[in-house]
Amino acid sequence: MKYYLLIPFLPLAAFVINILFGRGLIRDKAHWISCLTIIGSFIASIITGIDVINGKIINEDLYTWIVAGKFSVSVGFLIDPLTAVMLFVVTGVGSLIFIYSIGYMHGDKGYYRFFSYLSLFIFFMLMLIMSNNFIQLYLGWEGVGLCSYFLIGFWYEKKAAADAGKKAFITNRFGDFGFALGVFMIFLTFGSVHYIPVFSEVKNIVGQTVNILGYEVNLITLIALLLFCGAVGKSAQIPLHVWLPDAMEGPTPVSALIHAATMVTAGVFMVARCNAIFNLSQVAMNVVAIVGGVTSLFAATIAVAQNDIKRVIAYSTLSHLGMMFLACGVGAYAAGVFHLYTHAFFKALLFLAAGSVIHAVGHNDIQRMGGLRKYMPITYLTMFVAALSAGGIPGLAGFFSKDEIIWSAFASGSLVGKFVWVLVTAVAFFTPFYSFRMIFLAFHGKFRGTHHEEHHLHESPPVMTIPLIFLALGAIGVGWVGIPEILGGGAHFAEFLKPVLGHPEFHGTHAQEWGIMGLSTTIAISGIIIAAIFYLMKTYIPIKLAQQLSPIYRLLFNKYYVDELYHHILIRPILWVSTRFIEGITDAKIIEGIVNGVPKTIGRFAVILRKIQSGVTQHYAIFMAAGVFILVALILW
C-alpha cells in the first residue's frame, strides 16, 4: 500500500473540512480533525521512513500537471533519506504543537480558522519536502509563505500583527524572485525541472558561462546563488532577516511550528537537496558559509539585549539557522541537516515553554517576570532542558549537532572554513548566555510584576504541558543517533544521509577534534556561569555594564538599527514616490483624468449635438442634402 500518499493529503482534507464546516457544524471541535490527521501523517511517515531505512527509495509521478511544448511537470514524490528526516520532523514536532494549540488557543473566536490554516500549512510544507521537481518545490515554497502570512497576522485586528504579516510576506518576495529566476535558469539549461535529470547532468555544464551586461558569469555559480536568494528570504538570513523577529506577533504555536521547526528550515533543506549544484561552485559555497556564519553571530549578539521572551528565542532561531547554512557552505550538509533535526525539538520546546509563561503572566517582558519556577515547575524544567540543549551542553541533542558543525568548519581546510569557525565558536558562548539570562530573569529571584499578575500565576493545563515533556525528551535524546566516532558512536545519522548528501573531506586529527570539542564545551559552560553571576548573584553588574557601554548596549538593543536603515533607504523613498508620483500624477491626473475626462468630453459633444436636433424638418433636409453633396464630391475627387 502507498502509505506515503496519506502524508500530505490527510492535512489537506483537514483544511477543507475545517474551513467549510468549522464555523457551523464543528465549531470548537475543529482541533479533532486537524490533530487526528497530522497524527495519521506522522504514523504514515514512520512507516515510510522504515521502508527508506531498509533501502527503498520512492520516486513516483502521480499525474502530469503542466504540459506546454517541451515543458512538462508532474506532481510527484521523491522519498529518500533526506525526505524521511524532514517528514519525521514536520509531522512529529507538528503533532505535538497541534495538541499544545488546543489549550493555548482555547476560547479564541477564530479557533476553527487557526486549525484550518495550520493544516493547510502542513500540507504545503509536506509537498515542499516530498517533491521530486523544482516546480512542485516552488508550489510548496510559496504555499508555506502564504500560510505564514495568514498565521502571523492571525490576530489581524491588532495592527502590530497585521503589519508583521505583511512584512514577512513582502520581505520574502525579494528572495523568492531570485529563487524563481534560478528555477527558470535550470529549465533553460537542462530542459527539465525534475531533480534526477538535473542533478545527473549538472557536471556537464562545468565551465560554461553566460553573458550578463557584458560580463561572463559562471553558469553553475549563477544558478546556485539565485537558488540561495530564496533560502536567504525563507530562512531569514542577512540581509532579509528582519521579518522573523516581528513574526513573533503571531500566536506562540505558530512561532514554534513555522519559525522554529519547519518553514524557516526550508532554505536549509533546499540547499542540501541541491548539493549537486552547490558542490560545483566554490564561490557559491563560500557565500553560503559566510552569510550563515555572519548571520549566526549577528543574531546571537542581538539576543543578549532583548527583553521580549519570544524575540530572544526568535534571534536564537536566526543564529542557529545561520549555523546550518555555515555547515552546508563548508560541505558538511549532513551536519547542517543534523542540526536542523535536533534544533526542531529544543527550539520548538523553547517557544512553547515561552508560550506557557505568556499564558500565565499575560505579557512577554522578562524584566517584569521572576520567581516563576515555584508556580510553573513543569514549564521551568522543560525550558531549562531546552536551554541546555540549545547551548550545546554535553549529553543533550544540541551538543552533538552543534559540535559537529564547529568541527566541520575547522576541519574543512579552507580559509573561509577557519573564518566561520571563529564566528561559530563565539556563538557557542552567546547561545547559553542569552538562553540562561532569559531563564534566570523569568524563573528565578522575586516576581517583579504586579500583585494582580502574581495572583493569577499558574501552571499550564496538561494539554499544554504534556507536549512540553515529550519535546524535552526529544531535546535530550534525538541527538544520540548522530554520536561521532570519536565518542564511540557510529555517526549513524551522517551515514544514513550519505547516499544523498555525501561526506565532506576533513583535514584534522582526532587530537584536534578533541581539542575543538573541549574548547566549545568550555566556552558554552562559561556562558552559563557568567549568566548566573550576572542575573542570580551580582545583579548590579548588567546594569552598570549597560550604563558604561551604553553605545554598544543601544546598538544591540536596537538590533543594529537595520530596520531603521531599511526604513530610510527603502520604505521612505517608496512612500515618497507612491504619494508624490503614483498618487499625485499617475492616479490623480492620468487615471482620474481619463476616468473623469472621457465622460466630460462626451457630455460636451452631446451639448453641441443637441443643438443640431432642432426639430425643424427643413434643417434636417438641408443636412441630408449637404451630406449627399459631400459624398458625391469625395467620390468624384
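Residues: numbered from 1 along the sequence shown.
Here the shortest heavy-atom pairing between G336 and M324 reads O-CG, 3.7 Å.
Side chain of Y100 to main chain of S356: a donor-acceptor pair is present (N/O by atom type, distance under 3.5 Å, no hydrogens or angles).
Side-chain contact check for S401 versus H343: every heavy-atom pair is 4.5 Å or farther apart. Here the side chains of L457 and F447 are in contact, with some heavy-atom distance below 4.5 Å. You'll find the side chain of L468 reaches within 4.5 Å of the side chain of L349, heavy atoms only. Annotation: side chain of S255 is in contact with side chain of K310 (closest heavy-atom distance under 4.5 Å). Looking only at side-chain heavy atoms (C-beta outward), W65 and L139 come within less than 4.5 Å of each other. Between F496 and V481, every side-chain heavy-atom pair lies at or beyond the 4.5 Å cut-off. Two residues are said to be in side-chain contact when any heavy atoms from C-beta on lie closer than 4.5 Å; H320 and S296 fail this criterion.
For K167 and D163, the salt-bridge test fails: no basic side-chain N is under 4.0 Å from an acidic carboxylate O. Electrostatic pairing of R368 and E453 counts as a salt bridge here, judged by a charged N lying under 4.0 Å from a carboxylate O. Using a 4.0 Å cut-off between charged nitrogen and carboxylate oxygen, D246 and R311 count as a salt-bridge pair.
Atom OG of residue S460 and atom CG of residue L352 lie 10.0 Å apart, to the nearest 0.5 angstrom.
Aromatic pair Y112/H31: centroids not less than 6.0 angstrom apart. The distance between the ring centers of F121 and Y117 does not fall below 6.0 angstrom. Annotation: F400 is not in aromatic contact with F338 [ring centroid separation under 6.0 Å not met]. Separation of the F115 and F15 ring centroids does not fall under the 6.0 Å cut-off. Residues W480 and H492 keep their aromatic ring centres 6.0 Å or farther apart. Remark: aromatic rings of F325 and H339 are distant, center separation not under 6.0 Å.
Between F42 and F88, the ring planes are tilted. Angles from 30° to 60° get that label. In this pair, F154 and F114 present their aromatic rings perpendicular. The plane angle is above 60°, beyond the 30 to 60° band. Between F298 and H241, the two ring planes are perpendicular [angle over 60°; tilted spans 30° to 60°].
Under the ring-ring contact (aromatic ring centres under 6.0 Å, His included) test applied with F179, the options F228, F134, W141, F184 reduce to a single match, W141.
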